[in-house]
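Written out below as structure tokens is the structure these notes cover.
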Amino acid sequence: QVQLVESGGGLVQAGDSLRLSCAASGLTFSSTTMGWFRQAPGKGRDFVATISWSGESTYYADSVKGRFTISRDNAKNTVYLRMNSLKPEDTGVYYCAARGPHYYGLASAERDYVYWGQGTQVTVSS
């Protein structure tokens with residue numbers, strides 16, 4: 001059974017940094033494209049960042065480009081999201097997601113991912 005467990009969320013002030021982690025199990029992590037999404041209160045789930053299986057390719061939403069960095073450690077089956085210069089509009093539930101077998105390449109659409117974590121809350125105060 002595939003499991004994705006996010007951690008690292010919390011309450012921070014604007015301008016602070018935070019690193020989210022997603023521990024994966026039950027899948028061949030080292031050959032799987034991973035992504036991060038977020039959902040603000042009362043809003044839909046938005047794409048944040050994605051990273052290829054090897055970590056050699058990344059893609060970011062314009063709203064976080066230059067501030068957030070996605071990375072992965074395949075030896076630990078973990079993907080990270082380093083968030084710098086946090087803004088109140090970054091507030092939301094952050095979800096880790098994984099593409100399924102035989103799905104290749106970076107993806108920014110929610111429907112391109114088949115496995116999801118339960119999310120971790122990030123709250124940025126002004």
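Between K87 and V124 the shortest side-chain heavy-atom distance does not fall below 4.5 Å. W36 places none of its side-chain heavy atoms less than 4.5 Å from the side chain of M83. Taking 4.5 Å as the limit, every side-chain heavy atom of F68 sits out of range of all side-chain heavy atoms of L18. Residues I70 and Y60 are in side-chain contact: their nearest non-hydrogen atoms beyond the backbone lie under 4.5 Å apart. Annotation: side chain of R38 is not in contact with side chain of V122 (no heavy-atom distance under 4.5 Å). In this structure, the side chains of T33 and T50 come closer than 4.5 Å at one or more pairs of heavy atoms.
Linking Ile, Leu, Val, Met, Phe, Trp and Tyr residues whenever their side-chain heavy atoms come within less than 4.5 Å leaves F37 and L27 in two separate clusters. The hydrophobic clustering, which links ILVMFWY residues whose side-chain heavy atoms are closer than 4.5 Å, places V79 and Y113 apart. Y115 and V93 fall into different hydrophobic clusters, defined by Ile, Leu, Val, Met, Phe, Trp and Tyr side-chain heavy atoms under 4.5 Å apart, directly or through other members. Both V114 and V2 sit in one connected hydrophobic cluster of ILVMFWY residues. Membership requires side-chain heavy atoms under 4.5 Å apart, directly or through other members. The hydrophobic clustering, which links ILVMFWY residues whose side-chain heavy atoms are closer than 4.5 Å, places Y95 and Y80 apart.
Between S126 and A14, the shortest heavy-atom contact is CA-CB, 4.3 Å. Counting all heavy atoms, side chain and backbone alike, N84 lies closest to S17 at OD1-OG, 2.8 Å. Closest non-hydrogen pair, A98 versus L4, comes out as N-CD1, 3.8 Å.
Atom OG of S63 sits about 7.5 Å away from atom CG of D90, to the nearest 0.5 Å. Rounded to the nearest 0.5 angstrom, C96 SG and Q118 CD are separated by 11.5 Å. Separating the OG atom in S125 from the CD atom in Q13 is a distance of 5.0 Å, to the nearest 0.5 Å. For the atom pair CD of Q3 and CG of N77, the computed distance is 12.5 Å after rounding to the nearest 0.5 Å.
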| request: Any chance you could lay out the side-chain contact (heavy atoms from CB on, under 4.5 Å) test for Q121 and L11, step after step, and finish with the verdict? | output: CA-CA 8 Å; Q121 177 70 43; L11 174 63; over 6 Å; no
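Ion pairing of D62 with K65 is present here, as a side-chain N (NZ or NE/NH1/NH2) and a carboxylate O approach within less than 4.0 Å.
Surrounding CD of Q39 are more than 12 heavy atoms belonging to other residues, nucleotides or ligands, all under 6.0 Å away.
A donor-acceptor pair is defined here as one N or O able to donate and one able to accept, closer than 3.5 Å; such a pair exists between the side chain of R99 and the backbone of Y104. Using a distance-only test at 3.5 Å, with no hydrogens or angles considered, no donor-acceptor pair links the side chain of E6 to the main chain of C22.
Under the 6.0 Å distance and 45° angle rule, R72 counts as a cation-pi partner of F29.
Cluster partners of W53: none. The rule joins Ile, Leu, Val, Met, Phe, Trp and Tyr whenever side-chain heavy atoms lie under 4.5 Å apart, and it links nothing here.
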